[in-house]
Structure formats: structure tokens, C-alpha cells
Amino acid sequence: MDTQFAQLIVNGIAVGSIIALAAVGLTLTYGILRLSNFAHGDFLTLGAYLTWLINSIGVNIWLSMILAAAGTVAAMLLSEKFLWSKMRSIRATSTTLIIISIGLALFLRNGIIFIWGGKNQNYNLPVTTALDIFGLKVPQNQLLVLGLAILAIFALHYLLQNTKIGKAMRAVADDLDLARVSGINVDRVIFWTWLIAGTLTSLGGSMYGLITTVRPNMGWFLILPLFASVILGGIGNPYGAIAAAFIIGIVQEVSTPWLGSQYKQGVALLIMILVLLIRPKGLFKGTI
């Protein structure tokens with residue numbers, strides 16, 4: 001295999017693991033809350049900035065990531081309390097929810113620029129040398145990102161399949177009204193949905209900051225690959241979103257020698273359009 005091609009696949013796997021984490025949060029909020037949240041990418045950016053902020057005062061990067069996840073979850077819960085719960089109570093249309101989420105995205109992004117400025121930031125980390133694996137130069141941060149993503153995915157699988165709240169989440173995703181009548185505490189399920197979505201999305205942002213720079217529009221550039229992953233994997237299916245995220249991450253990176261890096265988003269959009277034309281429900285069944 002050509003070394004450059006193999007190197008692009010390695011880069012694609014690292015990017016795919018970040019998209020996977022954030023796409024899981026996005027697909028859960030749609031599957032359970034029926035919310036297409038265009039502010040999701042900016043919550044990812046918030047997670048990266050909170051990690052950078054905490055790390056810049058001398059806190060260990062891993063602890064910074066955990067504290068940033070808590071901060072991102074808090075921000076998501078605030079949006080739930082003041083926006084989404086009120087919209088659900090008046091049974092707002094999906095179009096209304098999309099417009100509100102775009103407004104929330106702009107509010108978050110401009111708030112980040114207002115507080116921290118528009119310039120790129122970097123974590124306070126020691127310089128590490130790239131590892132030589134079968135002739136490929138693999139930065140240690142890329143391996144860490146992949147390892148963390150795999151851990152998070154296994155933890156999510158265990159939670160959804162083996163815990164009471166995971167089974168309740170699956171029931172609410174299938175039929176919210178029936179779940180409520182069956183005695184399931186829907187408010188608790190909603191809380192857990194935001195908790196999981198916020199944690200995974202923040203981790204995705206923190207890890208994206210490990211392999212690139214932290215900048216105000218980083219989440220905005222990932223929102224199209226995120227939605228492409230959710231649609232390709234079957235809306236509401238976290239496992240499908242994970243598989244699709246790796247496909248999109250790899251295809252985006254592999255396309256750069258021919259199309260250039262500026263068209264990466266176009267590749268994600270093309271995949272999304274082709275899937276919608278050929279298989280509208282996605283590659284996998286769209287439920288959790």
C-alpha cells in the first residue's frame with residue numbers, strides 16, 4: 001500500500017473517532033428528543049475551549065477534559081431548561097426547532113469569540129515525537145484520541161444495553177407517549193440523554209483540540225460531517241453513527257490529494273446526498 005495513502009487512512013481514523021463521539025450525541029438527541037440540533041457543533045467547540053481554559057491555568061489535560069465535559073453538560077442542560085422543554089410543551093414544529101438551534105449555534109459561537117477572541121489556541125502540552133508504526137508516522141495524540149474514543153464507545157454500549165436507564169432510553173426512542181404511559185420517568189431519560197450527549201460531544205471537542213488547534217469555528221466545520229454520519233448510520237442509531245463517522249473521516253482524508261483540503265466538507269455532503277437518494281433510511285436501522 002502506498003505510504004501516503006496509508007498515512008491518510010490513519011489520519012481519517014483519528015478524525016473519524018472524533019466525529020463518532022459527537023455524532024452519537026447528535027443521534028441520541030434526535031432519536032429520543034426528536035431534535036435536529038444545529039448547535040451541536042458549537043457545544044463541541046465549547047468543550048474544546050473549556051478544556052483549553054482549564055489546562056491553561058496549569059491543570060492536567062485529562063482532568064481538564066473531565067471538568068470541561070461537566071461544563072458542557074451544564075450548558076446543554078441550561079438550553080434544555082430554557083429552550084427545548086418549553087418548545088416540547090407547546091409542541092413546536094421541527095422547522096421551528098431547527099431555526100432555534102441555528103440561533104443557539106450563532107449565540108454560542110459569538111459568545112466564545114466575545115469571551116476568548118477569534119485567534120487559534122493550543123493546549124499547554126509537552127512536545128511528543130511521532131511513533132514509527134510500519135513506516136507510518138503516527139502522532140501519539142492520534143493514538144490517544146482513538147483509544148479514548150474506543151473506551152467511550154464501549155462505555156456507551158454497556159450503558160444502553162445493560163442498565164435500567166439505557167433500556168428506558170430505548171423505550172422512549174421507540175415511542176415517547178407509550179413510554180410515559182408505561183411508567184417510565186421521561187424527564188430522567190431526557191436528563192441522561194443530555195448528560196451522555198454533552199459528555200461525548202465535549203470529549204470530541206477536547207480531542208479535536210489535541211490533533212489540531214482550538215478555534216471558534218471548529219465545531220461549525222464539523223457539523224456537516226456530523227449530520228452526514230447520523231444520516232448515513234440511520235437516524236437515532238448510535239452504532240450506525242459510529243460506523244458512518246469512521247467511513248466519512250477516512251473518505252474525507254483520502255480525498256484530499258485529489259480535491260484539496262478545502263473540499264473535505266463537500267465530500268461529506270456528497271456522501272449524505274448519495275445515501276439519501278439510494279437508501280433514505282441510512283445503512284443501518286434507525287432506532288436505538
Side-chain angles (χ1 to χ4, degrees), residues 14-29 32-33 35 37 39-81 84 104-105 108-109 111-112 115-116 121-125 141-142 144-160 163 165-166 169 188-216 218-220 222-223 226 229 238 241-242 245:
V15 173
S17 59
I18 288 158
I19 296 171
L21 285 175
V24 165
L26 189 59
T27 206
L28 283 177
T29 52
I32 293 168
L33 307 175
L35 171 64
N37 191 2
H40 202 78
D42 294 284
F43 279 114
L44 179 145
T45 307
L46 180 64
Y49 266 91
L50 290 175
T51 303
W52 164 74
L53 180 69
I54 297 163
N55 176 241
S56 66
I57 59 172
V59 178
N60 173 283
I61 187 66
W62 309 116
L63 181 56
S64 299
M65 284 186 182
I66 293 166
L67 294 172
T72 307
V73 168
M76 281 192 169
L77 288 172
L78 281 172
S79 73
E80 160 65 21
K81 181 173 173 58
W84 309 125
L104 179 59
L108 284 170
R109 198 172 324 136
I112 286 167
I115 295 167
W116 292 301
Q121 307 289 356
N122 291 291
Y123 298 145
N124 181 21
L125 295 172
N141 286 343
Q142 283 191 358
L144 283 170
V145 163
L146 180 60
L148 277 170
I150 290 168
L151 268 176
I153 288 162
F154 274 111
L156 175 77
H157 172 75
Y158 179 82
L159 185 130
L160 286 178
T163 66
I165 191 65
M169 287 170 80
R188 187 161 167 260
V189 169
I190 289 168
F191 171 81
W192 272 90
T193 303
W194 287 116
L195 179 68
I196 295 164
T199 302
L200 293 180
T201 304
S202 181
L203 277 178
S206 301
M207 292 183 337
Y208 197 41
L210 280 177
I211 62 172
T212 180
T213 56
V214 178
R215 56 190 191 277
M218 61 195 285
W220 180 247
L222 280 179
I223 196 70
L226 288 178
S229 301
I242 291 162

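Along the sequence shown, residues are numbered consecutively beginning with 1.
A search for side-chain contact (heavy atoms from CB on, under 4.5 Å) contacts involving A39 returns N37, F43, L104, A105, L108, not counting sequence neighbours. A search for side-chain hydrogen bond (donor to acceptor under 3.5 Å, both in side chains) contacts involving T72 returns S202, not counting sequence neighbours. In this structure, the side-chain hydrogen bond (donor to acceptor under 3.5 Å, both in side chains) partners of T212, at least two apart in sequence or on a different chain, are R215. Checked against side-chain hydrogen bond (donor to acceptor under 3.5 Å, both in side chains), E80 has the following partners two or more places apart in sequence or in another chain: R88, W194. With sequence neighbours excluded, the residues forming a side-chain contact (heavy atoms from CB on, under 4.5 Å) with L146 are I13, S17, I150, F246, listed by chain and number. Every residue two or more places apart in sequence or in another chain was checked for a side-chain contact (heavy atoms from CB on, under 4.5 Å) with L151, and none qualifies.
For W52, the CH2 atom is densely surrounded, since the number of other residues' heavy atoms within 6.0 Å is greater than 12. Residue-environment remark: CH2 (W84) exceeds the threshold of 12 foreign heavy atoms within 6.0 Å.
With contacts defined as side-chain heavy-atom distances shorter than 4.5 Å, the pair M65/L210 qualifies.
Relative orientation of the Y49 and W116 rings is parallel, given thresholds of 30° and 60° on the angle between their planes.
Annotation: the span from I196 atom CD1 to I165 atom CD1 amounts to 7.5 Å, rounded to 0.5 Å. For the atom pair L21 CG and I153 CD1, the distance stands at 6.0 Å (nearest 0.5 Å). Taking CH2 of W62 as the reference point, atom CG of L67 lies at 14.0 Å (rounded to 0.5 Å).
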